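In this chain, residues are counted from 1 in sequence order. What you see is a predicted model, and the numbers here were worked out from it, not measured in a lab. Values below: all heavy atoms of this structure, side chains included; hydrogens, waters and symmetry mates excluded.
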Amino acid sequence: MTTEPTTDVDYSDLSAVFINCTLKRSPEVSNTEGLAAISIEIMRKQGVAVESIRAVDHEIATGVWPDMTAHGWERDDWPGIFDKVMAADILVLTTPIWLGEKSSVCTRIVERLYGNSSQLNDAGQYAYYGRVGGCLVTGNEDGVKHCAMNVLYSLQHLGYLIPPQADSGWIGEAGPGPSYLDPGSGGPQNDFTNRNTTFMTWNLLHLARMLKDAGGIPAHGNQRSLWDAGCRFDSDNPEHR
């Protein structure tokens, strides 16, 4: 009999957004959503408010501006999604693998996140500071680590903090084969994937808790507003060497 460990840490004031970057519109079954459900359930058991967004169900314009309707597009659902991202302590991007890469939908989401990244918070830091990021990947070909590397690098570059073991994934045998939720695939029963997904989820929660309790990333040496005002935070001025 396995004894379930307990925690006395309260996570119920945290919130998370999962953006599913499947190419399949609802209500078609998404294998990526199936893996994400494990992480979402763990968070919800801790009282975390979780919202899952299937990006392809929305009209998200192509571009790197906060609202592409100001740049010739008739409709852009991204501003509403961005508001949910900014209200969340945790962001998890989930993607299938196509030709060894994250999906085109995931690339568009990263591009739109980038389009908002120059915004500043109240401390003068970049907008995403104080938030935690992770990713989940599914497929039936190689590429989980490659996709995770790409997504996690992108998130940290934009300002998200990445905890240890911040990714998980599942792939079947190389080549055409069953997907994660297909009968007999072994995906939902895979101990390696279940372990990594669980560890990722708890590491996201722990780091988000630490950040929230600390009031975010300390606002010194990383404030764009002060840099633009002339403050150099002990950085040598090349003109004075």
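Side-chain contact check for V9 versus R209: some heavy-atom pair is nearer than 4.5 Å. Contact of the T94 side chain with the V137 side chain is not registered, since no non-hydrogen atoms from C-beta on lie closer than 4.5 Å. Here the side chains of Y129 and Q223 are not in contact, with every heavy-atom distance at 4.5 Å or above. Between V56 and L23, the closest side-chain pair of non-hydrogen atoms is not below 4.5 Å. By the 4.5 Å heavy-atom criterion applied to side chains, V144 and T138 are not counted as neighbours. Using a 4.5 Å cut-off on side-chain heavy atoms (C-beta onward), F18 and I90 make no contact. Side-chain contact between L211 and D213 is absent, with no heavy atoms from C-beta onward closer than 4.5 Å. Using a 4.5 Å heavy-atom cutoff, the side chains of N121 and Y126 are not in contact.
Heavy atoms of other residues, nucleotides or ligands lying less than 6.0 angstrom from CZ of F199 number 12 at most. Applying the 6.0 Å contact sphere to CG of D13 captures more than 12 heavy atoms from other residues, nucleotides or ligands. Within 6.0 Å of CD in E74 there are 12 or fewer heavy atoms belonging to other residues, nucleotides or ligands. Within 6.0 Å of atom NE2 in H71, more than 12 heavy atoms from other residues, nucleotides or ligands are found, so the atom counts as buried in its surroundings. More than 12 heavy atoms of other residues, nucleotides or ligands lie within 6.0 Å of CG in D228, so this atom counts as buried by the packing criterion. With a 6.0 Å radius and a threshold of 12 heavy atoms from other residues, nucleotides or ligands, R195 has its CZ atom above the threshold.
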Applying salt bridge (charged side-chain N to carboxylate O under 4.0 Å, His left out), run through E59 and R108 and close with a yes or a no. CA-CA 11 Å; E59 295 295 330; R108 181 172 298 191; over 6 Å; no

N20 and S30: CA distance, side-chain angles, deciding distance, side-chain hydrogen bond (donor to acceptor under 3.5 Å, both in side chains) verdict: CA-CA 9 Å; N20 181 1; S30 164; 3.0 Å; yes

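Proximity of the aromatic rings of W202 and Y11 is defined here by a centroid distance below 6.0 angstrom, and this criterion is met.
Nearest heavy atoms, P188 versus L181: CG-CD2, 4.4 Å. Nearest heavy atoms, T32 versus P96: OG1-N, 3.6 Å. Across every non-hydrogen atom of V151 and C106, the tightest pair is CG2-SG, 4.0 Å. Considering all non-hydrogen atoms of both residues, S103 and T95 come closest at N-OG1, 3.0 Å. A pairwise comparison of heavy atoms in A88 and V17 identifies CB-CG2, 3.7 Å as the closest pair. In terms of heavy atoms, P79 sits closest to P66 at CG-O, 3.7 Å.
The residues D57 and K24 are annotated as not salt-bridged, no charged nitrogen and carboxylate oxygen being separated by less than 4.0 angstrom. A salt bridge links D76 to R112: one of the charged nitrogens lies within less than 4.0 Å of a carboxylate oxygen. The existence of a salt bridge linking R75 and D77 is confirmed by a sub-4.0 Å separation between a basic side-chain nitrogen and an acidic carboxylate oxygen. Classification of E111 and K102 as a salt-bridged pair fails, no side-chain N sitting under 4.0 Å from a carboxylate O. Looking at K212 and D89, a side-chain N of the basic residue comes within less than 4.0 Å of a carboxylate O on the acidic one, giving a salt bridge.
In this structure, the side chain of E51 does not engage the main chain of A16 through any donor-acceptor pair within 3.5 Å. Using modelled atom types, no side-chain atom of N190 and backbone atom of G186 make a donor-acceptor pair closer than 3.5 Å. D182 contributes a side-chain N or O that, together with a main-chain N or O of S179, makes up a donor-acceptor pair within less than 3.5 Å. With hydrogens and angles ignored, the 3.5 Å screen pairs no side-chain donor or acceptor of Q125 with any backbone N or O of L120. In this structure, the side chain of R232 engages the main chain of W227 through a donor-acceptor pair within 3.5 Å.
With sequence neighbours excluded, no residue forms a ring pair (Phe, Tyr, Trp, His ring centres under 6.0 Å) with H58.
A donor and an acceptor atom, one from each side chain of R54 and T22, are nowhere located under 3.5 Å apart. No donor-acceptor contact under 3.5 angstrom links the side chains of W73 and D67, judged on distance only.
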Side-chain donor-acceptor distances from residues 158-171 under 3.5 Å, at least two apart:
| from | atom 1 | to | atom 2 | distance (Å) |
| --- | --- | --- | --- | --- |
| Q165 | NE2 | D167 | O | 2.4 |
| S168 | OG | T193 | O | 3.3 |
| S168 | OG | T197 | N | 3.2 |
| S168 | OG | T197 | OG1 | 2.8 |

Below 3.5 Å, can you tabulate the donor-acceptor pairs from side chains in residues 39-48 to any protein atom, sequence neighbours excluded?
| from | atom 1 | to | atom 2 | distance (Å) |
| --- | --- | --- | --- | --- |
| S39 | OG | T201 | OG1 | 2.7 |
| R44 | NH2 | V50 | O | 3.0 |

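The aromatic rings of H220 and F233 sit perpendicular to each other, their planes meeting at more than 60°, with 30° as the lower class boundary.
Rounding to the nearest 0.5 Å gives a distance of 10.5 Å between CG of L99 and OG of S104. For the atom pair L152 CG and C135 SG, the distance stands at 4.0 Å (nearest 0.5 Å). Here OG of S185 is found 7.5 Å from CG of N31. Values are rounded to the nearest 0.5 Å.
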